[in-house]
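Since the model is a prediction, treat every value here as computed from it, not as a measurement. Counting starts at 1 for both ligands and their atoms, following the listed order. Note that the numbering runs from 1 along the sequence shown for the chain.
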Amino acid sequence: MQPSPPAAEARSPIETYLAALHDRHAGHAGGQVANYIPELAKANPAWFGICIATRDGHVYEVGDSRQPFTMQSISKALVYGLALEDRGEAAMLERIGVEPSGDAFNAISLKAGTGAPFNPMINAGAIAACGQVMRRSGRSRIQRIQAYLSACAGRELDIDVDVYRSESQTGHRNRAIGWMLRNFGVIDEEPTEILEAYFQQCAIRVTCRDLAVMGATLANQGVNPITRQQAIAPDGIDNILSVMSTCGMYDFSGEWIYRVGLPAKSGVGGGIMAVLPGQLGIGVFSPPLDGQGNSARGIRACTDLSNDLALHVFNNGNAPLPALRLKYDNTQVRSRRRRPQEQRQALGREGGRVRVLELQGDLVFSTVEPVVRGVNEQARECQFFLLNLRSVISADDASLRLVVELQRSLAARGVRLLVCHARALETRLRRLGADVETLYPDDDTALEACEDLLLANVLGSRFVTAKEVPFARCDLLDGLGAADLSSLDAAMAERHYATGERIICAGEPGDALFVLLSGSVEVRLPGPTGKPGPRIEVFAAGMTFGEMALVDGAPRSADVIALEPVSCRVLEIRAFEAFDERYPRLKIGLLQQITRQLSASLRRRNAEVQAFKGR
Ligand code: GLN
């Protein structure tokens with residue numbers, strides 16, 4: 001029989017869709033390649049590429065997605081961002097408006113009286129914005145602009161010198177605009193150098209893929225999703241996207257936002273960069289332009305893309321994930337610290353006063369508000385809330401401020417709000433005034449701290465963790481008679497371990513059980529590269545570990561490490577087996593005790609599984 005041929009690599013349904021979209025519009029013959037900049041007229045009118053870049057840095061591309069062309073006006077949106085970073089919002093608004101003009105991109109239109117350009121997306125506003133970019137640390141305007149745009153694209157972009165020269169030699173209209181701006185004091189110096197910088201920024205060479213990545217950078221709070229570099233200051237993102245929404249497609253902007261519904265910017269090179277905030281960036285490229293100077297195929301492709309994939313920003317389907325992922329209390333889920341019976345019982349009774357809320361997704365006002373409401377409602381029955389942010393993707397300042405405010409108002413009522421797994425958000429939480437002592441690296445340490453405080457409250461002076469427990473009072477010996485006790489005493493040798501020493505190694509044969517007389521140990525699952533993995537249990541004096549080996553004889557499943565100087569008594573499996581003949585009652589007693597411990601820990605795990613299922 002013939003072996004079957006290797007299966008062709010499966011094409012993603014998104015690639016299949018993009019290929020069909022490309023086919024649908026590739027034959028469209030409308031529009032004219034720009035020729036007022038002579039060099040642009042050399043473009044091939046058939047070039048057509050479509051790209052989507054996701055927020056996690058994946059790029060889908062079809063057609064001429066790697067064909068270089070010049071950014072032209074698309075640069076205006078980002079250079080406006082750079083000028084905002086340099087000068088601040090108020091200073092920029094004084095010079096350049098944010099009103100759609102209804103005029104063509106190259107109109108010599110300035111507001112009557114002030115002479116301020118209507119917006120930064122038409123040439124007048126863009127030239128003024130370019131003039132606001134500062135020369136800094138020995139770098140010229142255009143060098144800074146080039147570096148900035150390169151960071152947005154995630155690769156070194158160059159200038160198409162032929163296109164630049166071609167525009168510089170013919171751009172008399174833009175020169176006229178420059179001198180008008182100088183006349184009205186919108187720019188503070190002779191426009192000559194600013195205009196050259198502007199012509200060069202327009203001639204920066206990109207591909208349609210670069211546009212998608214730049215769009216995704218805007219969608220991702222200014223962080224380039226591929227290089228992870230903060231390319232654009234997050235403060236300016238809403239400003240940039242606003243002017244793109246209202247003015248980015250010139251006098252087609254109203255219809256564009258109505259039909260396509262994505263902040264976007266086009267250029268006479270044939271490119272369009274569109275952004276679905278918080279989600280993705282789109283780059284489309286095809287040189288023939290329609291009457292408004294926008295890529296004719298680009299408009300069609302984006303319209304379909306938005307409709308087919310439901311990308312319109314005002315789509316109601318974009319409701320964010322609810323922030324509350326899971327909630328449970330300390331009766332259901334305990335810290336990894338094993339506790340003596342009295343403490344276990346106290347937590348069983350009172351653990352409802354410690355509540356854990358696991359949050360997820362993007363924290364914004366509308367997702368955090370229900371969490372704040374819920375916590376406030378429950379605060380009367382609670383002493384502690386723990387917000388676990390492990391599954392949180394992002395949080396804006398408004399939502400973090402709500403958390404900090406909640407923490408403050410709860411504290412005034414004697415209730416503590418702890419936060420764990422806040423990682424990247426910790427600095428901002430602190431800046432917004434969060435109590436530093438309430439920020440914990442992980443949920444286990446936070447939960448343990450809550451338990452300790454709760455137990456201190458409930459048990460008062462009886463809440464002590466014994467440093468040392470006499471052999472006869474250890475858990476394992478519970479219920480044994482005096483004779484059995486002394487037989488066992490004789491059979492178990494004493495061993496000592498230093499802080500950090502490994503008492504048990506995962507994978508080794510399990511040949512003994514340990515009773516902890518003093519000190520404490522942690523149990524950790526083996527990590528990937530021989531390093532210790534996650535902590536699953538902490539044992540203190542009086543407790544038993546390693547007992548599973550006596551039941552099933554299987555190799556050790558985890559490491560046990562001394563957290564401080566430790567002394568133990570050790571019962572070798574051989575000695576235990578020898579009890580069969582000499583001390584059968586002792587062996588049964590020990591097995592009963594071990595079974596009780598194992599079933600208690602299984603019950604605890606069951607309660608956790610139930611809590612984590614969220615019911
Ligand atoms: N460099 C071009 C100009 O100023 C940019 C215009 C555009 O892309 N709409 O004319």
Side-chain angles (χ1 to χ4, degrees), residues 31-43 68-80 96 100-110 117-131 141-142 145-146 149 157 159-181 187 191-192 194-206 208 210-211 214 243-244 246-253 256 264-274 283-296 298-299:
Q32 295 254 293
V33 174
N35 57 11
Y36 75 100
I37 300 172
E39 196 63 26
L40 289 183
K42 295 183 182 164
F69 58 96
T70 56
M71 281 185 94
Q72 299 301 335
S73 282
I74 301 169
S75 64
K76 295 172 179 174
L78 295 163
V79 172
Y80 181 60
I96 307 165
S101 67
D103 293 328
F105 68 86
N106 57 0
I108 310 188
S109 67
L110 301 173
F118 281 88
N119 66 67
M121 303 291 101
I122 53 168
N123 289 6
I127 294 165
C130 174
R141 274 199 182 96
I142 185 59
I145 289 171
Q146 196 174 345
L149 294 174
L157 301 177
I159 294 173
D160 184 328
V161 180
D162 295 332
V163 173
Y164 157 56
R165 288 217 185 94
S166 176
E167 182 165 19
S168 178
Q169 280 155 16
T170 57
H172 310 305
R173 195 182 177 92
N174 283 330
R175 288 215 167 76
I177 292 174
W179 286 104
M180 290 284 281
L181 293 171
I187 53 179
T192 322
I194 295 173
L195 283 160
E196 293 311 308
Y198 169 76
F199 295 144
Q200 288 173 82
Q201 91 178 40
C202 287
I204 285 178
R205 212 179 339 219
V206 291
C208 163
D210 293 326
L211 293 184
M214 289 169 156
V243 288
M244 283 169 67
T246 52
C247 320
M249 304 298 283
Y250 311 113
D251 39 347
F252 187 66
S253 295
W256 169 273
K265 188 71 206 83
S266 64
V268 290
I272 297 177
M273 168 182 78
V284 181
F285 162 60
S286 186
L289 307 178
D290 64 14
Q292 283 107 348
N294 298 318
S295 165
I299 298 265

Does ligand 1 have a heavy atom under 4.0 Å from the side chain of Asn174, from its backbone, from both, or from neither?
side chain
In the protein, what heavy atom is nearest to atom 4 (O) of ligand 1, and what distance, to one decimal place, separates them?
Tyr198 OH, 2.7 Å
Scan side-chain atoms only and decide if Asn123 and Asn174 contain a donor-acceptor pair under the 3.5 Å cut-off.
yes
Please determine, by modelled atom types, if Tyr80 and Lys265 share a side-chain donor-acceptor pair under 3.5 angstrom.
no
Look at the side chain of Gln146 and the backbone N and O of Leu157, then say whether any donor-acceptor pair between them is shorter than 3.5 Å.
yes
Answer yes or no: does an N/O atom from Lys76 fall short of 3.5 Å to an N/O atom of ligand 1?
no
State if Tyr250 counts as touching ligand 1 under the rule of any non-hydrogen atom under 4.0 Å.
yes
For Cys202, counting its heavy atoms only, list the atoms of ligand 1 lying under 4.0 Å from any of them.
1 (N)
With heavy atoms of Asn123 as the reference, note each atom of ligand 1 found under 4.0 Å away.
3 (C), 4 (O), 10 (O)
Among all the protein's non-hydrogen atoms, which is closest to atom 1 (N) of ligand 1, and how far away is it?
Gln72 OE1, 2.6 Å
Would you mind checking which non-hydrogen protein atom is closest to atom 10 (O) of ligand 1, with the distance to 0.1 Å?
Tyr36 OH, 2.5 Å
Looking at Gly131, is its backbone amide N or carbonyl O close enough to the side chain of Arg141 to form a donor-acceptor pair, meaning the two atoms are under 3.5 Å apart?
yes
Heavy atoms only, cut-off 4.0 Å: how does Phe199 contact ligand 1, side chain, backbone, both, or neither?
neither
Please check this pair: side chain of Asn35 against backbone of Pro38, looking for a donor-acceptor N/O pair closer than 3.5 Å.
no
Distance, nearest 0.5 Å, that separates CG of Leu289 from OH of Tyr36:
8.5 Å
For Arg165, look at atom CZ and say whether over 12 heavy atoms of other residues, nucleotides or ligands are found less than 6.0 Å away.
no
Does one side chain, of Tyr164 or Thr70, offer a donor that lies under 3.5 Å from an acceptor on the other?
no
One finds that the ligand 1 atoms under 4.0 Å from a non-hydrogen atom of Gly267 are 8 (O)
Counting from 1, what ligand 1 atoms have a heavy atom of Ser73 closer than 4.0 Å?
5 (C), 6 (C), 7 (C), 8 (O), 9 (N)
